[in-house]
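Below, chains carry the letters A, B, ... as their sequence lines are ordered, and counting in each starts from 1.
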2 protein chains.
Amino acid sequence: MMDQMTIFSDYIRSKGLKNTCQRKTILEAFLASKSHFSTEDLYLKLRKQHPNIGYATVHRTLKLFAECGIASELDFGDGQTRFEPLDINQHHDHLVCTNCGLIVEFTEPRIEKLQEQVAARYNFKIERHRHELYGLCPKCAKAQLV
Amino acid sequence: MMDQMTIFSDYIRSKGLKNTCQRKTILEAFLASKSHFSTEDLYLKLRKQHPNIGYATVHRTLKLFAECGIASELDFGDGQTRFEPLDINQHHDHLVCTNCGLIVEFTEPRIEKLQEQVAARYNFKIERHRHELYGLCPKCAKAQLV
DNA sequence: GGAGAAATTGAAAATGACAATCAGAAAGCT
DNA sequence: AGCTTTCTGATTGTCATTTTCAATTTCTCC
Ligand SMILES: [Mn+2]
Ligand SMILES: [Mn+2]
Ligand SMILES: [Zn+2]
Ligand SMILES: [Zn+2]
């Protein structure tokens, strides 16, 4: 299994793009970052050590990561696109706390199977899906009872 | 079962809001409209008969519909919020064609059940969910083979 | 049928995330 | 090194959505 650095550099090469130190820096920070961050989150984090990297470059590079398949773009409906490192064999969906923003990942193969059945029912050729459960995390649910 | 007009007027009353003719007009157009329309769609449709109703009012009124539960807000990731009249006992999810924009509704009780199991697994108290399958509709899938 | 308080309206401007621009810098091939 | 192509980052543009605010409308209470 190819690692994410290799996937990215292969992609760079195949498209005739260039290996810049900004891209290297952003890739490292991306892989070291915890999931579900926005462009701005990563930009602010990077700025501490690399004040010369611009917001636009971070944004374009994250788009590149998504293009080559090492990142996935998430939209939890709060007006900010989020990113997460994507491991090809580890697809998952999300539980989102509407009170504190906590994000929990889940997998449920039985749901994935049923999605295929639904697609077949309507003759759709599915490329991807979005499945998010919104509500209160255990902590916020408990706090709300008070 | 209360109809949508009653739900809305009850909501208006309970919040100390006022019954304006714009709201009445927008509610009628909303209920007569086919699903999955944007604020602009409805605004343009209304403008033919009611050129004095402003975009902001249409927008605010649709938000009110969502608040009181007679509309649901949809986000298919194309940068435009869409709305649909919501019938309380007819929850459904969506298949979206990424080529032509066709939207097909589906229900799958087994998936809904499994969602509850997932929520229970993580002690989440689910309020709502978003479940969309993106891909090619039969027509676009066929066209792509050519 | 008003008077008065409170909510509403609609045109316009503000907001904010994202995308495009472009001149100077860097990469990489020969 | 020279040359061509791509990249960078500050800035500007875009566009859906939200806010503003003065004028209007609604609605309660005489
Ligand atoms: Mn995740
Ligand atoms: Mn629908
Ligand atoms: Zn929470
Ligand atoms: Zn289609």
Side-chain angles (χ1 to χ4, degrees), chain A residues 8-30 36-68 71-83 101, chain B residues 8-30 36-68 71-83 101:
Chain A
F8 184 61
S9 51
D10 284 2
Y11 184 75
I12 288 287
R13 209 169 310 122
S14 77
K15 289 276 181 181
L17 307 179
K18 290 179 177 172
N19 245 316
T20 66
C21 52
Q22 285 92 336
R23 284 177 179 164
K24 234 169 287 180
T25 303
I26 296 168
L27 178 56
E28 278 163 25
F30 167 71
H36 317 129
F37 55 85
S38 65
T39 302
E40 181 158 22
D41 290 336
L42 192 61
Y43 167 67
L44 291 177
K45 183 184 163 187
L46 275 163
R47 203 169 57 171
K48 292 175 199 161
Q49 300 290 326
H50 307 273
N52 51 323
I53 292 184
Y55 183 96
T57 301
V58 176
H59 175 260
R60 285 179 293 222
T61 305
L62 285 172
K63 286 293 208 184
L64 270 185
F65 293 166
E67 265 175 53
C68 76
S72 70
E73 290 185 57
L74 309 169
D75 173 8
F76 295 147
D78 64 346
Q80 282 212 290
T81 300
R82 292 168 188 282
F83 294 85
Chain B
F8 184 61
S9 52
D10 284 2
Y11 183 76
I12 288 286
R13 209 170 310 123
S14 76
K15 290 276 179 179
L17 307 179
K18 290 177 177 174
N19 245 316
T20 66
C21 52
Q22 286 93 335
R23 285 177 179 164
K24 233 169 287 181
T25 303
I26 296 168
L27 178 56
E28 279 163 25
F30 166 72
H36 317 132
F37 56 83
S38 66
T39 301
E40 182 158 23
D41 290 337
L42 191 63
Y43 167 67
L44 292 176
K45 183 183 163 188
L46 274 163
R47 202 169 56 171
K48 292 175 198 161
Q49 300 289 326
H50 307 273
N52 52 324
I53 292 185
Y55 183 95
T57 301
V58 175
H59 175 260
R60 285 181 291 224
T61 306
L62 285 172
K63 287 292 209 184
L64 271 184
F65 293 166
E67 265 176 52
C68 76
S72 69
E73 290 186 56
L74 308 169
D75 173 7
F76 295 146
D78 64 346
Q80 281 211 289
T81 301
R82 292 167 188 283
F83 294 85

Open item on the list: Using a 4.0 Å heavy-atom cut-off, does S38(A) contact any base of the nucleic acid, only the sugar-phosphate backbone, or nothing at all?
Closed with: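 It contacts nothing in the nucleic acid.
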
Open item on the list: Considering every strand and a 4.0 Å limit on heavy-atom distances, what is the contact class for T39(A): base, sugar-phosphate, or nothing?
Closed with: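 Answer is nothing: T39(A) stays at 4.0 Å or more from every strand.
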
Task: Pair E73(B) + K63(B): basic N to acidic O under 4.0 Å - done: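 A salt bridge links E73(B) with K63(B).
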
Task: From OG1 (T81(A)) to NE2 (H59(A)), nearest 0.5 Å - done: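 Separation between the atoms: 7.5 Å.
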
Task: Heavy-atom side-chain proximity of I53(B) to H50(B) below 4.5 angstrom - done: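 They are in contact (side-chain heavy atoms under 4.5 Å apart), so the answer is yes.
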
Task: Test item: T57(A) and R23(A) side chains (from C-beta on) under 4.5 Å apart, heavy atoms - done: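 Not in contact.
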
Nearest-Å distance for atom pair [atom1]/[atom2], residues [X] and [N]:
X: L62(B); N: dA16(D); atom1: CG; atom2: C1'; result: 14 Å
X: R13(A); N: dC7(D); atom1: CZ; atom2: P; result: 14 Å
X: Q80(B); N: dC15(D); atom1: CD; atom2: C1'; result: 10 Å
X: Y43(A); N: dA10(D); atom1: OH; atom2: C1'; result: 10 Å
X: H50(B); N: dT9(C); atom1: NE2; atom2: C1'; result: 16 Å
X: Y55(B); N: dT19(D); atom1: OH; atom2: P; result: 14 Å
X: R60(B); N: dA7(C); atom1: CZ; atom2: C1'; result: 11 Å
X: I53(A); N: dA25(C); atom1: CD1; atom2: P; result: 18 Å

Task: Residue pair R82(A) / D78(A): nearest heavy atoms and the distance that separates them - done: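 For R82(A) versus D78(A), the nearest heavy atoms are NH2-OD2, 3.0 Å.
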
Task: Minimum heavy-atom distance A29(B)-K45(B), with the two atoms named - done: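 Shortest heavy-atom separation between A29(B) and K45(B) comes out as O-NZ, 3.8 Å.
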
TODO: For dA16(D), take OP1 and OP2 only and decide whether either is under 4.0 Å from a side-chain N or O of T81(B).
DONE: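 Negative; the distance criterion is not met.
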
Task: Plane angle bin for F30(A) and F65(A) - parallel if under 30°, tilted between 30 and 60°, otherwise perpendicular - done: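 Rings of F65(A) and F30(A): tilted, as their planes differ by 30° to 60°.
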
Open item on the list: So if I take residues 14-26 of chain A and measure heavy-atom distances to DNA chain C, which residues fall below 4.0 Å?
Closed with: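 Within residues 14-26 of chain A, the residues near DNA chain C are K18(A), N19(A).
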
Open item on the list: What's the closest nucleotide to the side chain of H59(A) if the choices are dG9(D), dT17(D), dC18(C)?
Closed with: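 Given the options dG9(D), dT17(D), dC18(C), the side chain of H59(A) is closest to dC18(C).
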
